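When reading the values below, keep in mind they use all heavy atoms of this one structure, side chains included, and skip hydrogens, waters and symmetry mates. A note on names: the letters A, B, ... follow the listed sequences, proteins ahead of strands, and every chain is numbered from 1. Keep in mind it's a predicted model, so treat the numbers as computed, not measured.
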Amino acid sequence: MTIRVRFAPSPTGDLHVGNVRTALFNWAYARHTKGTFVFRVEDTDAARDSDESYARLLDDLRWLGLDWDEGPEVGGPYGPYRQSERRAVYAETIDKLRAAGHVYESFSTPEETEARHRAAGRDPKLGYDGFDRDLTDEQRAAYRAEGRLPVLRVRMPDEEISWHDLIRGDISFAPGSVPDFVVVRGNGEPLYTLTNPLDDALMRITHVLRGEDLMPSTPRQIVLYRALIDIGATDFVPSFGHLPFVMGEGNKKLSKRAPEGSLHRYREGGYLPEGLLNYLALLGWSIGPDRDVFSLDEMVAAFDIADVNANSARFDPKKCEVINATHIRMLPAPEFARRLGEYLPDADPALVEAAAPLVQERIQTLVEGADMLRFLVDADIEMDEAAAAKQLGDAGQQVLTAALLALDALPSWDATSIEAALQAALVEGLGLKPRNAYGPIRVAVTGRTVSPPLFESLELLGRERSLARLRAAVA
RNA sequence: GGCCCCGUCGUCUAGCGGCCCAGGACGCCGCCCUCUCAAGGCGGUGGCGCCGGUUCGAAUCCGGUCGGGGCUACCA
């Protein structure tokens, strides 16, 4: 049987890195096993879902490079892949489930249930008590006469429910520890509790890999699966694997609210998708001893869900950045230039290609690279006041004047000649230490104390612009 | 409260009974290199939560304890 896995987010906001890692592990497992990666959108909550989020979801997944075999815009044999377009399927299944007695109408409000628990001396937070399980037709009619609309609940069997988790081993829930749960709202709309396992069943998902927060709902889903098998909707219960959390600040599960978890922060911040994905893969998985940088292809070749460990991991922005930097360095020069160019939309591609090698080894993100090359791209530089105060004072003026003299007469404008001329004029001529000799020039030309290598920068800037900036810096 | 999961350096991990008085990466601290910043090189800091048990032998197996996290909606 070929392995079918899925990523099924709801479009209620931007993806966060925990979601992305879940998608990555599903994707990698599918690719490793030559299986199928299904992408399904769970937009059954009209109040929270939005079309913008939906569009961004697809765009983000594409940017990451996690291509799907079935799903929105690519289709597939089990579509549609947006739950909002599957209403008819749900309605039909609900009818069958009801006819077979797997679900029943429940009129109790949470307050009533709680009151019954109190009256019986039980913990009021126990959850639904099964009060409506065996209502007679007359009783149901009476509730309806009051204007109440029933939800539909699944009847949980009075037995232990267990499964062998792909990541955690044997897990079981004691009889009676999981209350009958709601699958259809009073207004007839199906809930996630129904649509998620139902679509997994209908889409023939063989391995459900998801966050560990869904573990407590697994026994309910297993029971629902049995009901679905009974009504002929499917013929097997999938395997489950519950991925550990990605934690954020304060050791709390990373949520959509936490800014450090937002995918867009990394996308807009100049991260490479392969860098971010590599880092995320490190959270809960290891490609092998003494190794933590690898390509997506290498990950696919090595990935097995059984190797994922069960303990939660803290997202470390610093290490993420370092891994990203490593991937930046691994890029072939032309490819690096192309990607850097995306963050310098108004720059001449030829210039970016020539300048890219100067920054490739000194940046963590593409945004930093773009920043560092700003002085080459823009007509005017933005002078850092603190840098100017430090480097363009009396001593600096002397340096600039000497540099101007040496460079103005230079026959050939290339890095080697520039270096030789400045070395002769400043280090030997004025007897300056190199750092004192080149500091003022760097600031005059780039506006900052930190820049790409100076001589190459001057070459790329060109004689005219270089001299103009030096002159402008002379008081 | 109830149910469930987890527990190796500050962080992410390797380790699946002897190869480990625990290895790597990030961070941090030194040194080297150096036109700034990086990169690179060298060295250092630092951990098996605790208590029992099994065993000739435990980071590895079992029990307990403590600690952390999650779920407990007519959200997903």
Using a heavy-atom cut-off of under 4.0 Å over every strand shown, decide if [X] touches base, sugar-phosphate, or nothing.
{"X": "A:Arg168", "result": "sugar-phosphate"}
{"X": "A:Lys318", "result": "sugar-phosphate"}
{"X": "A:Leu422", "result": "nothing"}
{"X": "A:Phe245", "result": "sugar-phosphate"}
{"X": "A:Tyr279", "result": "nothing"}
{"X": "A:Val322", "result": "sugar-phosphate"}
{"X": "A:Asn309", "result": "sugar-phosphate"}
{"X": "A:Leu282", "result": "sugar-phosphate"}
{"X": "A:Gly211", "result": "nothing"}
{"X": "A:Pro9", "result": "nothing"}

Find out whether the Lys NZ or Arg CZ of A:Arg21 is both under 6.0 angstrom from the six-membered ring centre of A:Phe25 and within 45° of the ring's axis.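 Yes, cation above the ring, under 6.0 Å and within 45°.
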When rounded to the nearest 0.5 angstrom, what distance separates CD1 in A:Ile305 from CG in A:Leu209?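 Here the interatomic distance stands at 4.5 Å.
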When you compare [N] with [M], how far apart are their [atom1] atoms, in angstrom units rounded to a whole number?
{"N": "B:C48", "M": "B:A14", "atom1": "C1'", "answer": "13 Å"}
{"N": "B:C21", "M": "B:G53", "atom1": "C1'", "answer": "24 Å"}
{"N": "B:C56", "M": "B:G43", "atom1": "C1'", "answer": "39 Å"}
{"N": "B:A59", "M": "B:A22", "atom1": "C1'", "answer": "8 Å"}
{"N": "B:C3", "M": "B:C9", "atom1": "C1'", "answer": "33 Å"}
{"N": "B:C12", "M": "B:G46", "atom1": "C1'", "answer": "15 Å"}
{"N": "B:G23", "M": "B:G15", "atom1": "C1'", "answer": "9 Å"}
{"N": "B:U60", "M": "B:C20", "atom1": "C1'", "answer": "11 Å"}

Choosing from [options], which nucleotide comes nearest the side chain of [X]?
{"X": "A:Arg185", "options": "B:C35, B:C74, B:U13", "result": "B:C74"}
{"X": "A:Asp123", "options": "B:G70, B:A76, B:G2", "result": "B:G2"}
{"X": "A:Tyr438", "options": "B:C12, B:A14, B:C35", "result": "B:C35"}
{"X": "A:Val182", "options": "B:A39, B:C37, B:C74", "result": "B:C74"}
{"X": "A:Leu283", "options": "B:A39, B:C12, B:C75", "result": "B:C12"}
{"X": "A:Arg435", "options": "B:C3, B:C35, B:C74", "result": "B:C35"}
{"X": "A:Ser10", "options": "B:G7, B:C26, B:A76", "result": "B:A76"}
{"X": "A:Glu456", "options": "B:C74, B:C35, B:C3", "result": "B:C35"}

Would you kindly check whether a donor in the side chain of A:Arg362 faces an acceptor in the base of B:C37, or vice versa, at under 3.5 angstrom?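 Answer yes: a donor N or O sits under 3.5 Å from an acceptor.
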With a 6.0 Å cut-off on ring centres, are A:Phe181 and A:Tyr128 close enough?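 No, ring centres 6.0 Å or more apart.
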Validation row, ring centre A:Tyr279 to ring centre A:Phe315 under 6.0 Å: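 Yes; A:Phe315 has its ring centre under 6.0 Å from that of A:Tyr279.
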Taking only residues two or more places apart in sequence or in another chain, which ones pass side chain to side chain donor-acceptor pair (under 3.5 Å) with A:Gln364?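 Only A:Glu321 meet the side chain to side chain donor-acceptor pair (under 3.5 Å) criterion with A:Gln364.
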With distance as the sole test, does A:Glu361 use its side chain to make a donor-acceptor pair with the main-chain N or O of A:Arg329 at under 3.5 Å?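 Absent.
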